[in-house]
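Here is the structure we will look at.
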Number of protein chains: 2
Amino acid sequence: MTAGTSLREVSRRAVQSRIARTAESLFSAKGFEETTVDEIAAAVGMSQRSFFRYFSSKDEVVLDSLERLGEDLASRLAERPSGEPEWDSLRRAFDLVVERFGDPVSREHDAAIQRIIDRSPRLLASYLCRLEHLQRMLTEALTARAGDGADPVVLRAMVGAAFACLHASAFPHIDEPDAFGPCLDRTMAALRPVDCR
Amino acid sequence: MTAGTSLREVSRRAVQSRIARTAESLFSAKGFEETTVDEIAAAVGMSQRSFFRYFSSKDEVVLDSLERLGEDLASRLAERPSGEPEWDSLRRAFDLVVERFGDPVSREHDAAIQRIIDRSPRLLASYLCRLEHLQRMLTEALTARAGDGADPVVLRAMVGAAFACLHASAFPHIDEPDAFGPCLDRTMAALRPVDCR
DNA sequence: GCAATGATTGACAGTCACTGACACTTCCGG
DNA sequence: CCGGAAGTGTCAGTGACTGTCAATCATTGC
């Protein structure tokens, strides 16, 4: 019954981010698999049980930030004019990621997270699952706006294709700063669907 | 030092498929998460320890068949004429999947597996990880054939896009038999990259 | 100021996936 | 008959996660 962000919610978020920061530095130092939840909890100064009250799994500590990115991406997409070709709307939504790459601080953070993910097959799996979920969200946003003129299967595939471009472009540019945006442009231009209105 | 398929390899495969069949029926009946490895081992008539000598994880029992599909897909792709546009080569490689859908027996089996996967988030994650690996394999096959004329990032993205089409087309046709092939054709035609030679 | 109430926590026990170590059997070539 | 190689069961242990319960802490109503 409380408004979206109650007082309790705020302090909960604060604890969560404290845990996340601690955990990420441990992960970067020792690796994800090699760091136990007990260690994280001890480093934060709480019991293992309490750790699981803030994050439903060890994976979630790392992937939590991705969740918010997904929501932002979806709202960006929703803001695009409905007349715009879907492919271009997706590209514009991805600007959010490009912008994050522009800021050195958040890029460094993102790169660290990506490194942690890439080094743990287990985490990578969860990560891909989140991406999948994210794609479903964007597909829904796109479907809602397209009305019933478009084929839902094609729309779903298009979102997947756009993400493939994003993924393929981001991968080689984790360490490189500014080449990412142009690379994404180039890739999405090359893969632009023929019958894109 | 032995040839690819030694006598021992064969019997190992036999045991593996016995385990897999047993496990899959248990998964279908009770669900993946609700079935313990102990139960599977007991049903097959071996110790838990031996189960893990045949499958490195519980996930693997389900995803093992996918591994072979990946290899077949890669070899199909390698067989395509190098002059053919990559997009079309990928579509032709996917015929393998379409053909599997044609056979009622294997379709029923695949559908059962897909149902198991979809109902377990944990399994779904592993599944997507395998798909990712599979895409990397196909990308390599494509890169090898394209020489150094093509952008590797674009190639990677194209494979991802093709898989997005496959995935999006397969999803609604698990139960429907023959609509799959045409749907895939339609989707891949709609998403065909503009500058596809 | 105080008691009832609800949220947060730690401690503990238990499940389950998975691993390493070791002892035992079987089978096969010498 | 003996040697080792391969396959197996048993056991103990780790680590992620869950349920439960009792203690604590803050809030609210009086």
Side-chain angles (χ1 to χ4, degrees), chain A residues 1-3 5-20 22-23 26-27 30-64 116-117 119-127 129, chain B residues 1-2 5-20 22-24 26-27 30-64 116-117 119-127 129:
Chain A
M1 200 50 73
T2 61
T5 320
S6 76
L7 212 125
R8 279 224 171 71
E9 287 294 321
V10 171
S11 81
R12 181 179 169 81
R13 274 288 158 98
V15 178
Q16 278 180 330
S17 81
R18 216 179 78 229
I19 296 174
T22 309
L26 284 173
F27 292 155
K30 303 182 42 179
F32 181 78
E33 321 261 13
E34 290 71 24
T35 308
T36 68
V37 175
D38 280 325
E39 286 170 343
I40 302 170
V44 181
M46 56 169 50
S47 69
Q48 193 213 50
R49 194 64 187 86
S50 282
F51 171 91
F52 283 111
R53 286 184 177 113
Y54 286 99
F55 291 99
S56 61
S57 74
K58 191 178 154 187
D59 299 357
E60 194 125 346
V61 184
V62 181
L63 303 180
D64 186 44
I116 295 171
I117 292 175
R119 285 179 192 159
S120 163
R122 173 136 157 34
L123 238 192
L124 179 60
S126 305
Y127 169 72
C129 200
Chain B
M1 200 52 72
T2 61
T5 320
S6 77
L7 211 127
R8 281 223 170 70
E9 286 295 320
V10 171
S11 82
R12 180 179 170 80
R13 275 288 157 97
V15 177
Q16 279 181 330
S17 82
R18 203 158 53 90
I19 297 175
T22 309
E24 278 161 23
L26 284 174
F27 292 155
K30 304 182 41 177
F32 181 77
E33 321 261 14
E34 290 73 24
T35 307
T36 68
V37 175
D38 279 325
E39 286 170 343
I40 302 170
V44 181
M46 57 169 51
S47 69
Q48 192 213 50
R49 194 65 186 85
S50 281
F51 171 92
F52 283 111
R53 285 183 177 114
Y54 286 99
F55 291 100
S56 62
S57 74
K58 192 178 155 187
D59 299 357
E60 194 123 349
V61 184
V62 181
L63 303 181
D64 187 44
I116 295 172
I117 292 175
R119 285 178 191 160
S120 162
R122 173 136 157 33
L123 240 192
L124 179 60
S126 305
Y127 169 73
C129 201

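Order of the sequence lines sets the chain letters (A, B, ...), proteins ahead of strands, with each chain counted from 1.
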Donor-acceptor pair, side chain of A:Ser17 and main chain of A:Ala14, under 3.5 angstrom: yes
Any B:Phe27 side-chain heavy atom under 4.5 Å of B:Arg119 side chain: no
Residues that B:Tyr127 engages under ring-ring contact (aromatic ring centres under 6.0 Å, His included), provided they are two or more places apart: none
Sugar-phosphate or base contact per nucleotide [nucleotides 11-22 of chain D; S, B, -; heavy atom under 4.0 Å]: ----SSBBBB--
OP1 or OP2 of D:dG9 under 4.0 Å from side-chain N/O of B:Ser50: yes
Sugar-phosphate, base or nothing in reach of A:Tyr54, heavy atoms under 4.0 Å: sugar-phosphate
Residue pairs fulfilling salt bridge (Lys or Arg N to Asp or Glu O under 4.0 Å) with at least one residue in residues 36-55 of chain B, sequence neighbours excluded: B:Lys30-B:Glu39
Side-chain donor or acceptor of A:Gln16 paired with backbone N/O of A:Tyr54 under 3.5 Å: yes
Rounded distance (Å) that lies between atom P of D:dG9 and atom CE of B:Met46: 7 Å
